[in-house]
Structures are given as structure tokens and as C-alpha cells.
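Numbers here are sequence positions counted from 1. For ligands, and for the atoms within them, numbers begin at 1 and follow the listed sequence.
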Amino acid sequence: MQIETSRLRLRRFLPCDITDFAAYRSDREIARYQNWDFPLSLASARRLVGEYSRRDPTRPGWFPYAVELKHEERLIGDVAVHRNPGGLEAEVGFSIARDQQGRGYASEAVLGVLGELFTQGLRTATAECDVRNTRSARLLEHLGFTYVRQHSVFVRGKQERTELSQFTLPAERWETLAQQ
Ligand SMILES: CC(C)(COP(=O)(O)OP(=O)(O)OC[C@H]1O[C@@H](n2cnc3c(N)ncnc32)[C@H](O)[C@@H]1OP(=O)(O)O)[C@@H](O)C(=O)NCCC(=O)NCCS
């Protein structure tokens, strides 16, 4: 399941990731449009990393890939993949630590994961982000996703109602883009 890109290694979460994972998950900027517990204590990070490390990436449900910066051998973020039963459709989500943003790492990591998923027979990749999360929307459109619609949700962790934008990337479009 390990994926190598030029600068990154996308792999299972490991115990050595706990401190870096807790740090970026506890960054208010990173958490702003995410539906997760905030801040994340070291104890909760340890529990989550333990749980992630036992998940099977081929089964339906969420599998978070740890994004490791190869030359520093340290965690800088994650790309989470939610496979639907049957494996034909999957949603992706992503986070990169603030001090590592703006260097193309999220683009490289998500492209690496999508390449693996489409090679395995995925037909449609999807993604969602808060309508105010313009950086994520831009990233998705740069990668070839197209905007579909927006819908309203109640985010329990934040006790607020917001609008999410939905994006899609069908395999045919992925293949066309890969040939360009
Ligand atoms: C959205 C997010 C993942 C982007 O991470 P990132 O690593 O900064 O993304 P990239 O570097 O690939 O792209 C960001 C910008 O850097 C630019 N860039 C790309 N490659 C670059 C490179 N090699 N050098 C410098 N800049 C580069 C991109 O063009 C992009 O520019 P733009 O914002 O003006 O369009 C990050 O901001 C984040 O973690 N946000 C919080 C979590 C979140 O909301 N996730 C979404 C939930 S779905």
C-alpha cells in the first residue's frame, strides 16, 4: 500500500508520527474547516494512530495515508481515502502542516493517492470542502476535479450549520489529464 512520489512517502501511520500528528491536528488554521476533535491531545493522537495503523486500505471506509517528507523522514500531513463498498467510488480529504504548505506537497500527495486508486480500478473520485475553504477548492480544481453542487450540513464538532462544496473526478477525465 506504500506509495512513493518524488518528495513524499505515503504510508501507514506509525507510532513515531504521534507528536507531529497531534501538532497539526491541534493547529486552529488546519482544523478550521474540518469536522474533528480539537485540540487533539497526545493521548488521543496515540489512540487514533494505533487505530489507523490497523486499518485495511482495501476495505470500505476511511483509510488515512500518512504523508512523510522523505528527506526529513517525518510526518507532514495526511491524505484520507473513504472507499465505498465495491471500491468504484472513493472520497479524498487532506491536511498538510502549516509550516510545509505552499510547496506543492498536498498536490503531490493527492495525485500519488489518486494514481494508485485509479490504477486499482476506481471509477470516480470525489471530495468535499466547506465553501469558505477556498485553498482546498483551488487545489481540487488544479488536480482536475470539477465542482458539482453545494449542500448544507450541521457540523456537530463546531455546532454550526455550513455549506459544503462537492467535487468529482471521473476515471475518464483522470486518464485524459494524465495523457496531456
Ligand atoms: C488545503 C491544503 C491541504 C493545501 O496544502 P498545500 O501543501 O499548501 O497545497 P499545495 O502546496 O499543493 O498548493 C497550495 C499552493 O501552492 C502552490 N504550489 C504548488 N506547487 C508548488 C511548489 N512546488 N512550490 C511552491 N508553491 C507551489 C499551488 O499552486 C497552490 O497555489 P494557490 O493556493 O495559489 O492555488 C492546506 O492548506 C491544508 O492543510 N488546509 C487545512 C486542511 C483542510 O482544510 N483540508 C481540506 C479538507 S477537504
Side chain, backbone, both or neither: the part of [X] lying under 4.0 Å from ligand 1 by heavy atom:
{"X": "Asn133", "value": "side chain"}
{"X": "Arg103", "value": "backbone"}
{"X": "Arg32", "value": "neither"}
{"X": "Glu108", "value": "neither"}

Working to the nearest 0.5 Å, report the span between [atom1] of [X] and [atom2] of [Y].
{"X": "Asp27", "Y": "Leu40", "atom1": "CG", "atom2": "CG", "result": "12.5 Å"}
{"X": "Arg12", "Y": "Asp56", "atom1": "CZ", "atom2": "CG", "result": "7.0 Å"}
{"X": "Arg74", "Y": "Cys16", "atom1": "CZ", "atom2": "SG", "result": "12.0 Å"}
{"X": "Leu139", "Y": "Gln101", "atom1": "CG", "atom2": "CD", "result": "10.0 Å"}

Out of all atoms in ligand 1, which are within 4.0 Å of some heavy atom of [X]? Include the element for each.
{"X": "Leu139", "answer": "9 (O), 12 (O), 13 (O)"}
{"X": "Glu128", "answer": "48 (S)"}
{"X": "His142", "answer": "35 (O)"}
{"X": "Tyr105", "answer": "7 (O), 11 (O), 12 (O)"}
{"X": "Gly104", "answer": "10 (P), 11 (O), 12 (O), 18 (N), 19 (C), 20 (N), 21 (C), 22 (C), 27 (C)"}
{"X": "Ser95", "answer": "39 (O), 42 (C)"}

In terms of side-chain heavy atoms, does Gln100 have a donor or acceptor partner in Arg103 at a distance below 3.5 Å?
yes

Could you verify whether a donor N or O on one side chain and an acceptor N or O on the other, from Glu116 and Gln120, lie under 3.5 Å apart?
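Distance-only check passes for Glu116 and Gln120.
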
Crowding at CD, Glu172 (>12 non-hydrogen neighbours, <6.0 Å)
yes

Among all protein non-hydrogen atoms, which one is nearest to [atom], and what is the separation to 0.1 Å?
{"atom": "atom 3 (C) of ligand 1", "result": "Phe94 CD1, 3.5 Å"}
{"atom": "atom 43 (C) of ligand 1", "result": "Gln34 NE2, 3.2 Å"}
{"atom": "atom 39 (O) of ligand 1", "result": "Ile96 N, 2.9 Å"}
{"atom": "atom 8 (O) of ligand 1", "result": "Gly102 N, 2.7 Å"}
{"atom": "atom 41 (C) of ligand 1", "result": "Ile30 O, 3.7 Å"}
{"atom": "atom 36 (C) of ligand 1", "result": "Gln101 NE2, 3.3 Å"}
{"atom": "atom 1 (C) of ligand 1", "result": "Ser136 OG, 3.3 Å"}

Stepwise side chain to side chain donor-acceptor pair (under 3.5 Å) check, Asp78 with Tyr52
CA-CA 11 Å; Asp78 59 80; Tyr52 293 166; over 6 Å; no

Heavy-atom proximity to atom 4 (C) of ligand 1 ranks first, among Ala106, Ser107, Ala80, for Ala106

For atom 14 (C) of ligand 1, the option (of Glu29, Arg138, Arg135) bearing the nearest heavy atom
Arg135

Give the ring-plane orientation class for Trp174 versus Phe118, where under 30° counts as parallel, over 60° as perpendicular and anything between as tilted.
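The arrangement is parallel - the two ring planes meet at less than 30°.
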
Strictly less than 4.0 Å: does any protein heavy-atom distance to atom 28 (C) of ligand 1 fall in that range?
no

Shared ILVMFWY cluster between Val49 and Phe63, side chains joined below 4.5 angstrom?
no

Can Arg25 be said to sit on top of Trp36's aromatic six-ring, NZ or CZ under 6.0 Å from centre and within 45° of the ring axis?
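Yes, a cation-pi geometry.
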
By the definition side-chain contact (heavy atoms from CB on, under 4.5 Å), identify the one residue from Leu169, Thr126, Leu114 that meets it with Val92.
Leu114

